[in-house]
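A short worksheet on the structure shown next.
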Number of protein chains: 2
Amino acid sequence: MAKNQLSERDYLQSYNIHNYDVPLTSVDITIFTVLDNALNVLLVKRAQHPALGKWALPGGFIDLKKDRTLEHTAQRKLKEKTGVRTSYLEQVASFGSKQRDPRGWSVTVAYFALIDAAEIQLTHDERSEEVAWVPVKKVLNSTKLAFDHNAILERCYERLQGKVQYTSLPVNLLPEEFTLSELQSTFEIILDSTIEKKSFRRRILDADILQETGNMRTGSNRPAKLYRVQNQGENFMFSRNIEGPR
Amino acid sequence: MAKNQLSERDYLQSYNIHNYDVPLTSVDITIFTVLDNALNVLLVKRAQHPALGKWALPGGFIDLKKDRTLEHTAQRKLKEKTGVRTSYLEQVASFGSKQRDPRGWSVTVAYFALIDAAEIQLTHDERSEEVAWVPVKKVLNSTKLAFDHNAILERCYERLQGKVQYTSLPVNLLPEEFTLSELQSTFEIILDSTIEKKSFRRRILDADILQETGNMRTGSNRPAKLYRVQNQGENFMFSRNIEGPR
DNA sequence: CGAATAGTGTCTATAAGACAGTATATC
DNA sequence: GATATACTGTCTTATAGACACTATTCG
């Protein structure tokens, strides 16, 4: 076993990745927001081969020089498209196969992000000439996205819906101050189902994750208390799911 | 934009992955089983650089010729180490960074598998001279695994513990026929906590996921009914977590 | 019979759903 | 006052935990 007599240093010095057949590896992000009472996803129109002209999830290759971790790559992509640096970002799954990209064996690590649409500034670069918010339902029903992005979007959507049943994730889709009704509406939009008002308020308030800001949202009716999240960044997990109407 | 005037065919013909800096991409599997009333994980001792001689999770590179999907790569690795083809296999997360592997930027897609220890035959190849079941707690407390495998194991363990609170996953660690007490014990070992017997039996039986086989497990006491899972492969999700003692 | 493990009856506790009622703003 | 939305009281329901009880086997 001559190989094993090499020191690790010698081994590493003689190692060259270009001698191996490796897959392409990229990161794609499903950026969700709520617009016009619907869950929307950010899509970019591809300005380059392959799948030129098709709508796709924003994403791209890892920059071996600039990115130190996968999460970094995801944050960088998020920043490039939305101008926003921090928001809720969660890794969902990786998709890899011989034929998902015509260039060859490829793996993509999919993330989803939640952002408040009001705070962002859509931007685009030379690789994607158009950027747009599109309702998730519309995409899933009638848009053929580039690569396997329909499947990726579906998985991210499932993950989001699943987690909304037992976490406080939707706070990440709202501005800093919001009312309980606004929060409930956000839950309902994601779950695509109504939630009983009293149950919802009890659940959220008992969890002790919000604090009153002291301000009120006024309108042509009784003003509502405004809240903010108590520990920004922490996501509360309930031990029981929201179940919806019986 | 001359680039965009290329046809996709021409683009693909001129595309060569070796012109790009790409990360290494691999798959690692945390294979869990229950042995001697403890959750164990399968480790291999590395027989090659890097991290030669260190214990590691089984894994390896994608074989661009043989593997059609990531899941395929995972199943192949599982088969190579255990001789088992099908068992419960779930993708957990991908870990990627500049420094997790001394050879350079690398990404690994981590899976966990659940198998019945009784049904497997440990095997090893020239790349790993030793294969062993080791209690998860022991590894986490006192073993420095290769690369970032401690972190990967930890994440897989967390995921397993988390899911066991609201699914029927542990059935995948048992032989085809088992008693409710055996199932409960498996849950308890994973959760590292006791479960109230009546609650457990009610929960499992009410979920209607098991069927009596008609056989009994005998011993030096009252015989116990043997059950098998009703829909092999489907994992039941409860809408409430097991909560443990109050 | 005793020991051991299987399996049940039933009370309490917790948190969700249902739904009607009250509160407070604007116009 | 009418309308609209905020917010609460309280009953029912579902399911988990506690714990004592009964059942069935072996030796």
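Numbers restart at 1 for each chain; the letters A, B, ... are given by sequence-line order, proteins then strands.
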Just to verify, what does B:Y157 make a ring-ring contact (aromatic ring centres under 6.0 Å, His included) with, not counting sequence neighbours? none

Hits for salt bridge (charged side-chain N to carboxylate O under 4.0 Å, His left out) against B:E212, two or more places apart or cross-chain, chain-then-number order -> B:K225

Apply salt bridge (charged side-chain N to carboxylate O under 4.0 Å, His left out) to B:E182 and list each qualifying residue two or more places apart in sequence or on a separate chain. B:R217

Hey, could you give me each pair passing ring-ring contact (aromatic ring centres under 6.0 Å, His included) that has a residue in residues 200-230 of chain B? Not counting sequence neighbours. B:F187-B:F200

Separation of D:dC11 atom P from A:R246 atom CZ, nearest Å, is 17 Å

Going 5' to 3' along DNA chain C, which nucleotides are the first and last within contact of chain A (any atom under 4.0 Å from a heavy atom)? C:dT14 to C:dT26

Listed by chain and number, what are the salt bridge (charged side-chain N to carboxylate O under 4.0 Å, His left out) partners of B:D67, not counting sequence neighbours? B:R76

Tabulate below the donor-acceptor pairs under 3.5 Å that side-chain atoms of residues 237-246 of chain B make, not counting sequence neighbours, or state none.
unit_1, atom_1, unit_2, atom_2, d
B:S239, OG, A:E243, OE2, 3.1
B:E243, OE2, A:S239, OG, 3.2

Going by heavy atoms closer than 4.0 Å, what residues in residues 213-229 of chain B are next to DNA chain C? B:N221, B:R222, B:P223, B:A224, B:K225

Exceeds 12 heavy-atom contacts within 6.0 angstrom, atom CG of B:D206: yes

A:N141 side-chain N/O to A:K138 backbone N/O, donor-acceptor pair under 3.5 Å: no

Could A:D28 and A:K77 be called an ion pair, given the rule that one side-chain N must be under 4.0 Å from one carboxylate O? no

Contact residues, residues 184-204 of chain A to DNA chain C [heavy atom, < 4.0 Å]: A:E196, A:K198, A:S199, A:R202, A:R203

Which residues satisfy the salt bridge (charged side-chain N to carboxylate O under 4.0 Å, His left out) test with A:E176, sequence neighbours excluded? A:R228

Would you say that more than 12 heavy atoms from the other residues, nucleotides or ligands in this model lie under 6.0 Å from the CZ of B:R68, or not? no

How sharply is the helix from C:dC1-D:dG27 to C:dC27-D:dG1 bent, taking the axes over five pairs at either end and rounding to 10 degrees? 10°

Listed partners of B:F147 passing ring-ring contact (aromatic ring centres under 6.0 Å, His included), at least two apart: B:H149

How close or far is atom P of D:dA16 from atom CD of A:E243, stated in whole angstroms? 10 Å

To the nearest 0.5 Å, how far apart are CD in B:E188 and CD in B:Q184? 4.5 Å

